[in-house]
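Report on the following structure.
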Amino acid sequence: MKIEPKQIKVREIFDSYVDNGDDGVFAYGGKLAIRPAYQREFVYNAEQAEAVLHTVLHGFPLNVMYWVNIGGDRYEVLDGQQRTLSVMQYLKHQFPITIDGKRYYWDALPDDKYQAIMNYDFMIYICEGTESEKLEWFRVVNIAGEKLTDQELRNSVYTGQWLSDAKRYFSKRNCAAKLLSERYITGDPNRQELLEKALRGICEFQGIREITEYMAAHKSDSDADELWQYFQDVIHWTEKIFPDYQPDMKGLDWCHFYNIYHTRTYNSSVMKSEVQRLHADEEVQKKKGIYEYLLCRDNDPYAGRLLNLRAFDNRDKMTAYTRQKGICPICGKHFAFSEMEGDHIKPWSQGGATVLENCQMLCRECNARKTDKY
């Protein structure tokens with residue numbers, strides 16, 4: 001891993017500065033991507049941006065910034081984006097600053113103050129190395145200023161056309177993935193959380209252990225169509241299986257559900273009525289578990305645990321224990337109360353309620369062996 005400290009004057013960085021909106025912000029003679037295409041947007045408020053300019057005008061040091069060498073003499077800002085953009089945007093006449101009670105745009109500054117800005121040195125660490133070296137170093141440092149998310153760190157290492165295309169879909173506040181999935185999947189696209197969830201899903205789908213493996217394998221691809229198509233499949237499958245949207249569907253791991261259950265056949269009309277029935281069932285304590293329960297119940301005898309079904313209270317269990325005289329009705333042996341567990345005589349799945357009349361006490365071993373628990 002090579003880390004080279006370098007002092008670069010503002011005037012050099014400002015050379016060829018251009019803001020192309022969604023297509024990125026570039027400077028330093030076109031060699032530096034201050035904000036790569038579809039990266040996090042500028043987030044400093046006016047007070048913070050002005051504070052950066054006053055720091056520069058006084059010649060005080062700003063925190064060290066980090067650039068990543070992405071090949072040849074081209075770089076991306078890993079840390080320092082907001083500070084760099086504050087200075088660049090001021091020099092592009094986008095906001096004024098206050099000096100001695102007066103407001104100044106850059107072209108009204110006294111010459112000495114203008115030169116103080118243009119000749120100010122940014123302290124830059126330029127990082128170069130293998131993908132694994134850079135990722136490990138970035139994680140250890142986990143950069144000064146606003147902490148980077150895991151996916152932002154990965155993005156800084158696995159740059160290229162594939163990543164730019166993936167960001168186009170997943171990394172803007174109103175990106176296509178956000179608009180498609182906002183009722184189902186949570187995550188801030190600006191912090192790359194939506195991209196990370198899509199990547200985690202497709203890695204599970206393809207049997208890949210780490211997101212970095214997928215990004216490394218596709219780094220040189222011309223587009224991210226495979227990832228985008230997978231994500232669309234997840235959402236469209238969800239909408240098809242559960243046509244009646246419920247607010248508690250949001251935030252569930254729909255990528256995981258798709259990966260596990262998408263090859264099974266479901267009747268959407270039945271699923272709709274079952275969702276309504278289970279929402280109305282007072283025995284169901286965990287409504288967000290309804291959807292996975294319906295997806296897996298035919299193949300998992302323990303699916304009911306996803307619903308956190310209402311349990312018998314101690315009073316009912318003690319009454320049932322006394323009624324049974326401590327005898328387990330399955331094995332016929334006597335046990336202390338503490339050695340037994342409350343169980344539904346008629347399972348909940350067959351309409352049994354959590355009431356005293358439906359309570360029996362089983363020894364732990366028999367209760368564990370019982371197949372129709374729910």
Side-chain angles (χ1 to χ4, degrees), residues 183-184 234 237-254 256-374:
R183 296 200 305 170
Y184 302 98
V234 170
W237 173 82
T238 302
E239 293 173 329
K240 181 177 68 174
I241 301 301
F242 298 104
D244 187 16
Y245 177 77
Q246 299 290 334
D248 56 12
M249 296 173 75
K250 186 167 185 174
L252 298 177
D253 194 349
W254 291 105
H256 175 67
F257 294 167
Y258 173 83
N259 294 341
I260 301 299
Y261 305 116
H262 79 280
T263 59
R264 299 181 186 178
T265 300
Y266 300 97
N267 184 307
S268 60
S269 296
V270 171
M271 297 296 256
K272 180 178 179 178
S273 63
E274 283 291 271
V275 168
Q276 294 172 348
R277 180 182 69 82
L278 292 170
H279 268 109
D281 191 333
E282 294 182 356
E283 300 284 317
V284 177
Q285 305 293 296
K286 184 180 178 182
K287 304 301 185 183
K288 290 182 78 70
I290 288 173
Y291 309 97
E292 187 174 11
Y293 167 77
L294 291 174
L295 291 169
C296 74
R297 64 177 176 176
D298 291 340
N299 301 90
D300 183 355
Y302 301 102
R305 69 184 61 176
L306 295 165
L307 303 175
N308 191 21
L309 296 171
R310 190 159 64 89
F312 292 105
D313 60 31
N314 281 334
R315 183 178 61 182
D316 284 349
K317 289 192 290 185
M318 180 56 74
T319 300
Y321 177 81
T322 302
R323 183 178 64 211
Q324 296 170 206
K325 299 180 180 180
I327 305 298
C328 173
I330 294 180
C331 67
K333 298 178 182 178
H334 182 275
F335 294 90
F337 176 78
S338 61
E339 298 174 320
M340 304 187 82
E341 298 172 341
D343 176 66
H344 290 76
I345 299 171
K346 182 179 182 180
W348 167 81
S349 60
Q350 298 175 22
T354 309
V355 294
L356 173 60
E357 293 74 19
N358 196 39
C359 179
Q360 65 180 348
M361 297 295 286
L362 303 182
C363 71
R364 291 172 182 168
E365 185 176 346
C366 288
N367 196 36
R369 285 202 305 263
K370 186 180 177 186
T371 55
D372 197 351
K373 289 179 172 295
Y374 303 101

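What you are looking at is a predicted structure, and each value in this text was computed from that prediction instead of being measured.
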Residue pair [X] / [Y]: nearest heavy atoms and the distance that separates them:
X	Y	answer
A320	Q360	CB-CA, 4.5 Å
L295	R264	O-NH1, 3.4 Å
Y302	A368	OH-O, 4.0 Å
C328	F335	CB-CE1, 4.0 Å

Measure the spacing between [atom1] of [X] and [atom2] of [Y] and express it to the nearest 0.5 Å.
X	Y	atom1	atom2	value
L362	R369	CG	CZ	10.5 Å
I260	N299	CD1	CG	12.0 Å
R323	C359	CZ	SG	6.5 Å
I241	N267	CD1	CG	9.5 Å
I327	K333	CD1	NZ	11.5 Å
M340	R364	CE	CZ	10.5 Å

Would you please name every residue forming a ring pair (Phe, Tyr, Trp, His ring centres under 6.0 Å) with Y261, sequence neighbours left out?
-> none
For F337, what residues pass the ring pair (Phe, Tyr, Trp, His ring centres under 6.0 Å) criterion, not counting sequence neighbours?
->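 Checked F337 against ring pair (Phe, Tyr, Trp, His ring centres under 6.0 Å); matches are Y321.
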Exam field: side chain [X] to backbone [Y], donor-acceptor pair closer than 3.5 Å:
X	Y	result
S268	P243	no
Q285	E282	yes
Y245	R183	yes
Q324	P329	no
K287	L278	yes
N358	K346	yes
K288	K250	yes
E339	A336	yes

Does the side chain of [X] reach to within under 4.5 Å of the side chain of [Y], using non-hydrogen atoms?
X	Y	answer
M318	T322	yes
R310	W348	no
H279	D248	yes

Show your working on side chain to side chain contact (heavy atoms under 4.5 Å, CB included) between W254 and F242 and close with a plain yes or no.
-> CA-CA 12 Å; W254 291 105; F242 298 104; 3.8 Å; yes
Does atom CD of Q276 have more than 12 heavy-atom neighbours from other groups under 6.0 Å away?
-> yes
Take M249 and T238 through the side chain to side chain contact (heavy atoms under 4.5 Å, CB included) test and state the conclusion after the steps.
-> CA-CA 10 Å; M249 296 173 75; T238 302; 4.2 Å; yes
Start with the C-alpha distance between L307 and K286, add both sets of side-chain angles, then the distance that settles side chain to side chain contact (heavy atoms under 4.5 Å, CB included), and finish with yes or no.
-> CA-CA 5 Å; L307 303 175; K286 184 180 178 182; 5.5 Å; no
In sequence, state the C-alpha distance, the side-chain angles, and the governing distance for L306 and Y291, and then conclude on side chain to side chain contact (heavy atoms under 4.5 Å, CB included).
-> CA-CA 9 Å; L306 295 165; Y291 309 97; over 6 Å; no
State plainly whether the residues E274 and R297 are in salt-bridge range, i.e. N to O under 4.0 Å.
->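 Yes, E274 and R297 are salt-bridged.
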